[in-house]
Amino acid sequence: MLTRWLHSLSGRLSLMATLVLLVFLVVLSGVLERAYRTSLDEAKARELQAYIYTMLVVAEPDGDSLYLPFDLREQRFNQPDSGLIGAVMDSRGRVIWRSQSALSLPNFSTMPLPLPLRQGQQAFAEIRLPGLDNQYNSFRQGIAWALEDRELLFTFVILEDAAPLHAQVKQFSDTLWRWLGIGALALIAVQLLVLRWGLAPLRGVTRALKEMQQGGSDTLRGNFPRELVPLTDNLNLLIENERRQREKTRHTLGDLAHSLKTPLAVLKGMDLASDPQSAQMALAEQVQRMDAIISYQLKRAVAGSPKSILRGVAVQPIAEKLLTALDKVYRDKHVDAELLCDDSVLFYGDEGDLMEMLGNLLDNGYKYGGGKLLAKIANTADQRGLEMIIADNGPGLTEEQWRQVVQRGVRADQQQQGQGIGLAVVVDIVESYHGRIAIVPPPERDDADLGGLTLRVAL
């Protein structure tokens, strides 16, 4: 069960958020306890220092020592086991005076207390006296007593039982942990609700996929947040791509079967016995026609993928590779081909479609371009579209001629080799990407040095 829960996105997020929350609360509690204990220590130090001032008020010099009255104004000094002890040490660390509250400690005068302090020096600490279980908060202050002929150095010491302070800290710690625990449970509950609400769109995508798989819908439908819109759009694009390709394959097979019916009918009606020579010519013509039909339909079957959303295809390397190959094929024509394309230009579609389009357009430019060819390729402003300008210095085409040459089997120059299906394939690919291909009229051209055909392809 735990393994299955950890394999879910919500389970992982809940576990990590809970761990982070617990670590944060532990650190927070430590910081708060430390801050509270520090503030208590500072307050206690000021309180104990005030007791020293009450002792200084009644202290009087007595030779090399000090005299303090037996009873002090602070009654806790006068009560045995009150938990508040006052003492004075000389410069050699000997206890020269102690309050009545220390009488219950018969060995107090001989106990090793902290070393004396210099004039004005102060020290606050928590100490444990030898032979006693209780810990004491200790505040010491060095006092210099100036006489006419000398200066005496004393250290005033105040000891107070630390148990009440420990109890106060423990009470604060217990209260803190109780409320932090309640807060942690509340935060975990809120966190689970927030995660459930935040991951609801992903569950919506899952439901939409299941509904589509069960035949309830052809696409992913739902009011998805903007962060998921690219994902759902891309999934819908892939679904549409697969549907289009399946339909295109079925249509292509139907077109192929329909296109082959006429050549097959001619072959069936041939009379090989009466006129072998004429029949052989007719056979060669029909075989060539069937080969052209099959080639065209196969190209149509593999062309026409909608725009790819997975990655962009770099255009410049493919264009340069095609130009290099065409230079070798048409080396006798000495074509001056120029490519204007940055290495950052990308085509968001199938690489085979790009090669098919560019290959046919550039091949026609080499054939009919009059020895000069210009190819300008760039992305559109949104960086998702692609625009290609293919211009040459050939005889060009009229609008009527263009409508004819894009039909399969029709070539502008019947003396050139080929089956006349290249531009038709290009048009099919462009249409499958919902793009446009058209002749650029002379007034709109910016390639004034080329006077032939200029084509603009927008994808």
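Below, each value reflects all heavy atoms present in this structure, side chains not excepted, and no hydrogens, waters or symmetry copies.
With sequence neighbours left out, D81 forms a salt bridge (Lys or Arg N to Asp or Glu O under 4.0 Å) with no residue at all.
With salt bridges taken as basic N to acidic carboxylate O contacts below 4.0 Å, none links R178 and D174.
Between the side chain of N379 and the backbone N or O of L346, at least one donor-acceptor pair lies under 3.5 Å. At distances below 3.5 Å, at least one donor-acceptor pair connects side-chain atoms of N78 with backbone N or O atoms of L72. Checking side-chain atoms of S432 against main-chain N and O of I429 turns up a donor-acceptor pair under 3.5 Å. Proximity of a side-chain donor or acceptor of Q316 to a complementary backbone N or O of C341 within less than 3.5 Å is detected.
The side chain to side chain donor-acceptor pair (under 3.5 Å) contacts involving residues 154-164 comprise K44-E160, R76-E160, where partners must be two or more places apart or lie in separate chains.
Between Y433 and F347, the ring planes lie tilted relative to each other; the angle falls in the 30° to 60° range. Taking the six-membered ring where tryptophan is involved, the planes of Y36 and F172 are essentially parallel, since the angle between them stays under 30° and well short of 60°.
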Evaluate E351 against K321 for salt bridge (Lys or Arg N to Asp or Glu O under 4.0 Å), listing each step before the verdict. CA-CA 13 Å; E351 183 176 343; K321 185 187 300 183; 5.5 Å; no
Residue pair R37, L165: steps toward the side-chain contact (heavy atoms from CB on, under 4.5 Å) verdict: CA-CA 9 Å; R37 180 58 190 265; L165 187 64; 4.1 Å; yes
Under the side-chain contact (heavy atoms from CB on, under 4.5 Å) criterion, do M357 and I437 qualify, and how do the steps go? CA-CA 11 Å; M357 285 187 294; I437 179 171; over 6 Å; no
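Atom CG of L323 and atom CD1 of I318 lie 12.0 Å apart (nearest 0.5 Å). The line from CD1 of I85 to CD of Q100 is 12.5 Å long, rounded to the nearest 0.5 Å.
Looking at every heavy atom in both residues, S14 comes nearest to Q191 through O-NE2, 3.4 Å.
A donor-acceptor pair shorter than 3.5 Å cannot be found between the side chains of D342 and S344.
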